[in-house]
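For reference, the structure discussed in these notes is given below.
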Amino acid sequence: MKRTLGVCYYPEHWPEEIWAEDARRMAEAGLTWVRIGEFAWSRLEPAPGRFDFDWLDRAIGILADAGLKIVLGTPTATPPRWVVEKYPDMLALDAQGRPRGFGSRRHYCFSHDGYLAECRRIVTVLGDRYGRDPRIGAWQIDNEYGCHDTTLSYSDAARRAFRDWLAQRYQSPDALNRAWGNVFWSMEVDSFDQIDLPNLTVTEPNPAHSLAFRRFSSDQVVRFNRNQAEILRARSDAPLIHNYMGREVSFDHFAVGADLDIASWDSYPLGFLSDRLDADEAHRARFLRQGDPDNQAFHHDLYRAVGRGRWWIMEQQPGPVNWAPWNAAPLPGMARLWAWEAFAHGAEAVCYFRWRQAPFAQEQMHAGLLRPDSAPAPALAQAAQVAREIGDLPEVGTAQAQVAMIFDYASSWMWEVQPQGRDFSYFRLMFETYRALRRKGLSIDILPPEAADLSQYRLILAPGLGHVPPALLQALRKSGAVLLLGPRTNAKTPHMAIPVPLPPAIEGLDWTVDLVESLPPAATVPLADGGAFRHWFEHLEGSGTPLAMTADGRPAVAGDARLRYVAGWPDADGWAPIVADACREAGIATVDLPDGLRLRDTGTHRFVFNYAPEPVTWEGQTLPPAGVAWWPL
Ligand code: GAL
C-alpha cells in the first residue's frame with residue numbers, strides 16, 4: 001500500500017479568497033488528505049435547525065478540485081452555545097460536582113441523552129448530505145475522546161445511567177454487595193437507586209465501586225461513538241476513524257475501535273515529553289527537540305492493534321505547540337523523521353496539524369505548516385520531502401513482530417483506583433517495559449487482552465495485567481512463547497478483590513506472592529545481575545531455584561524457562577539482563593543500540609532512526625541528528 005500525507009485545515013478560519021491558493025499549495029507539497037469540519041458546528045448550524053452547508057460545499061469543491069481527498073469530521077466535540085442553552089445539564093460535572101462550562105471544547109457529558117440526540121441529528125444530516133459523495137474519502141467521528149479529562153462525569157445523567165448499568169451487570173443488589181464486599185463499613189444497599197457515583201465520599205470509596213464506575217464510563221464513550229458510527233455506516237462506505245490521543249487510557253480504545261475501520265492518533269512528541277511522560281530532567285533536556293525515542297513507536301504499535309492493522313496519524317506536530325509547560329521547536333528534520341517512523345510502523349497516512357497557524361484564539365501560539373502570514377514554516381519543506389521520498393521508496397509493508405505485549409485498559413483503571421504506591425502507573429510500567437525491549441533493537445506488537453491466537457509470537461509480556469481472563473490465560477499457554485509476567489499480574493478478581501488462592505495463581509507457576517511493598521522514589525531493591533527494582537517489590541514464596549535474584553538473595557524472577565514471573569518493577573539496567581535472558585530462551589536475536597538510536601523492521605526493510613541530538617554511528621553508517629536510514633532486509 002502507498003503511504004500518504006495530509007493536513008488538518010479549517011476553511012472557516014480563513015477568507016474564502018485564499019482557499020484555492022491553500023489547496024493548490026497543499027497539492028504542490030504532495031499532500032493527499034485534508035481533514036476539515038470537526039469543530040465547525042456553529043457555522044454548519046448557526047441556530048437550531050438552520051443549516052448552512054454552502055460554505056462547506058464550496059470548500060469541499062475547491063479542495064477536491066486541487067486533487068485532495070477529504071476527511072470530514074463530525075463536529076460533536078464543540079457543541080455551539082445554543083445547544084448548551086437548550087440543555088444546560090448536558091455539561092459534565094467534575095469530581096467536586098462543578099459544571100465544566102462553555103467557552104472551550106468537549107463540554108458535554110457522554111451520558112446525556114438530550115445531547116446524544118442532538119449529535120445523532122447533526123450526524124444524520126451530514127451523513128445524508130455527504131455520505132455518498134466520492135470526494136469524502138473518510139470520516140472522523142468527534143475529536144479526541146477523553147481529552148481535557150472528559151471521560152468521567154459526575155452528573156445526574158451519569159448517575160442514572162450508572163445505576164442502570166449496575167442493575168444490568170449485577171442483577172440484584174445482593175449480588176453487588178457480595179461482589180464489592182459492601183459489608184465492610186456498612187456500605188450495603190437494598191436497591192440500585194441507593195448507589196451514588198464514587199465522588200464526594202469522606203475518605204476513599206470502595207475500589208470495586210470506583211472500578212465499576214471506570215468500566216461504566218468507558219462503556220459510555222463506546223455507546224456515544226457507536227451512535228454516530230451506525231448513522232454514518234448506513235449512509236456511507238467511506239472508512240470511519242477516530243483520532244485518539246497519546247497516553248490516554250480513560251476508556252477502552254479497543255472497544256471503541258471495534259466500531260470503526262481505522263484507528264488514528266494525534267502525535268505531539270515534544271509536547272508529550274514536556275507534559276505527559278515520566279522522565280528525569282536530563283532525559284527531557286537531551287530529547288527536548290526530538291521527543292522521547294520510544295513514545296511515538298509505543299503509540300504506533302498500540303494504535304495498530306486498536307485499528308486491527310489499519311491506522312493513521314491524524315495530527316502530527318509540525319513545530320512548537322502551545323499547550324505543554326514548555327514548547328520547544330523540533331530539530332530540523334524531525335517532522336520528516338516522525339512521519340517515516342509512523343510509516344515504518346505501518347501507518348497508512350500521516351496528517352500534519354495544522355495547515356496555517358491561526359493568529360487568533362486558544363491555539364495562536366501553535367505552529368502549522370504555514371506561518372500566520374502564509375509564508376512557509378519549517379515543517380512544510382520536510383513534509384514535501386517525505387512526499388517525494390514516498391514516491392521513490394518501494395512498498396514497505398508491515399510484518400508481525402516476534403515479541404508481543406498485552407495492553408489492557410482495565411488494568412490501568414485498577415492501578416489508578418488502587419495504586420498502593422503513589423507513583424504506580426500501569427501506562428508507565430508498560431512504557432518502560434516497551435523501552436527495555438526497544439533498546440535491544442526489537443520490533444514489538446501490542447495486543448488486546450482478547451487476543452485469541454498468540455501462536456506466532458516467541459516472547460509475550462504481560463506486566464501489570466491486573467486480571468488475566470481465563471481465555472487469555474489459555475491462549476498464552478497454548479502459544480508456546482516464552483512468557484514474562486509480573487509484577488502485579490493476575491493480582492485481582494474482576495471486581496477488584498484479592499483472589500484466594502493468592503496471586504499469581506497461574507497453572508504451572510509454583511510461586512505465590514506472599515507480600516507486596518511499594519517504594520518511595522529514593523528506595524530501591526538492588527538486583528544481583530545489575531539494576532534494581534523501583535516503585536514496587538513482591539516477596540515470592542515457592543519452591544525451586546529462582547531465575548534471577550535480588551542482591552540480598554531473594555527471588556527477583558521466578559518460574560521456569562518458559563513461564564517467568566518478575567517480582568518487581570525493574571529500572572532500565574534491571575530490565576536489560578531480564579529481557580536478554582528471555583530473548584535467548586525464545587531464540588530471538590538482540591542488539592545493544594547506541595543511546596537514542598531505534599530500529600523498526602517492516603516486512604521488507606529495516607528502518608533506523610536517530611533521536612539523539614548528536615550524530616550516531618551504527619553498523620558502519622553515521623546518522624546525523626534527526627537522521628533516518630532504511631535498507632532492504
Ligand atoms: C489536539 C486536538 C487539536 C489541537 C491540537 C493542538 O489535541 O485534536 O484540535 O487542539 O491538539 O496540539
Side-chain angles (χ1 to χ4, degrees), residues 6-14 33-43 71-80 100 103-108 138-151 221 225 241-251 253 256 260 262-277 291 295-296 299 303 311-330 334-335 338-339 342 349-372 377 379 383:
V7 72
C8 306
Y9 185 53
Y10 300 90
E12 69 276 21
H13 294 180
W14 310 107
W33 296 97
V34 55
R35 183 195 65 175
I36 58 171
E38 83 279 11
F39 298 130
W41 198 337
S42 71
R43 291 298 174 92
V71 181
L72 186 57
T74 70
T76 51
T78 50
R100 307 196 65 197
S104 65
R105 62 179 172 183
R106 301 214 54 77
H107 42 284
Y108 69 84
W139 293 87
Q140 177 185 300
I141 296 182
D142 202 279
N143 191 82
E144 289 193 342
Y145 292 136
C147 186
H148 316 304
D149 198 10
T150 49
T151 298
V221 179
N225 181 70
I241 313 183
H242 177 71
N243 59 332
Y244 305 102
M245 296 173 66
R247 206 188 172 149
E248 171 55 57
V249 287
S250 63
F251 62 93
H253 293 48
V256 170
L260 302 174
I262 299 175
S264 74
W265 80 284
D266 296 344
S267 177
Y268 293 92
L270 306 193
F272 288 132
L273 182 63
S274 177
D275 191 38
R276 308 241 168 107
L277 291 183
N295 177 60
Q296 289 63 253
H299 289 93
Y303 289 120
W311 73 279
W312 292 21
I313 297 283
M314 192 61 89
E315 300 180 10
Q316 174 62 65
Q317 175 167 4
V321 300
N322 62 301
W323 45 262
W326 291 277
N327 298 293
M334 285 313 294
W338 293 325
V350 173
C351 302
Y352 290 90
F353 182 92
R354 52 188 280 153
W355 175 242
R356 183 188 292 102
Q357 180 173 353
F360 47 79
Q362 278 92 331
E363 291 178 354
Q364 52 185 267
M365 301 303 287
H366 194 299
L369 294 183
L370 301 188
R371 304 188 322 201

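One-based numbering, in listed order, for ligands and for the atoms of each. This is a predicted model, so every value here is computed, not measured. We number each residue from 1, following the sequence as shown.
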Could you list each nitrogen or oxygen of ligand 1 that sits under 3.5 Å from a protein nitrogen or oxygen, with the atom names and the distance?
residue  : atom   : partner : partner atom : Å
ligand 1 : 7 (O)  : Glu144  : OE1          : 2.4
ligand 1 : 7 (O)  : Glu144  : OE2          : 3.0
ligand 1 : 8 (O)  : Asn143  : ND2          : 2.9
ligand 1 : 8 (O)  : Glu144  : OE1          : 3.4
ligand 1 : 8 (O)  : Glu144  : OE2          : 3.4
ligand 1 : 8 (O)  : Glu315  : OE1          : 3.1
ligand 1 : 8 (O)  : Glu315  : OE2          : 2.8
ligand 1 : 9 (O)  : Arg105  : NH1          : 2.9
ligand 1 : 10 (O) : Arg105  : NH1          : 3.2
ligand 1 : 10 (O) : Arg105  : NH2          : 2.9
ligand 1 : 10 (O) : Glu363  : OE1          : 3.4
ligand 1 : 10 (O) : Glu363  : OE2          : 2.3
ligand 1 : 12 (O) : Trp323  : NE1          : 2.7
ligand 1 : 12 (O) : His366  : NE2          : 2.7

- Item | Audit row: Gln317, Tyr352, side chain to side chain contact (heavy atoms under 4.5 Å, CB included) steps and yes/no | CA-CA 6 Å; Gln317 175 167 4; Tyr352 290 90; over 6 Å; no
- Query: Can you name the residues that form a side chain to side chain donor-acceptor pair (under 3.5 Å) with Gln140, not counting sequence neighbours?
  - Reply: Arg35, Asn143, Asn243
- Considering non-hydrogen atoms only, spot the tightest contact between Ala263 and Ile241 and give its length. C-CG2, 4.4 Å
- Task: Would you please indicate yes or no on a ring centroid separation below 6.0 angstrom for Tyr244 and Tyr145?
- Result: no
- Task: Output every pair passing side chain to side chain donor-acceptor pair (under 3.5 Å) with a member in residues 319-328, not counting sequence neighbours, ordered by first then second residue.
- Result: none
- Qualifying residues under side chain to side chain donor-acceptor pair (under 3.5 Å), relative to His299, sequence neighbours excluded: Asn295
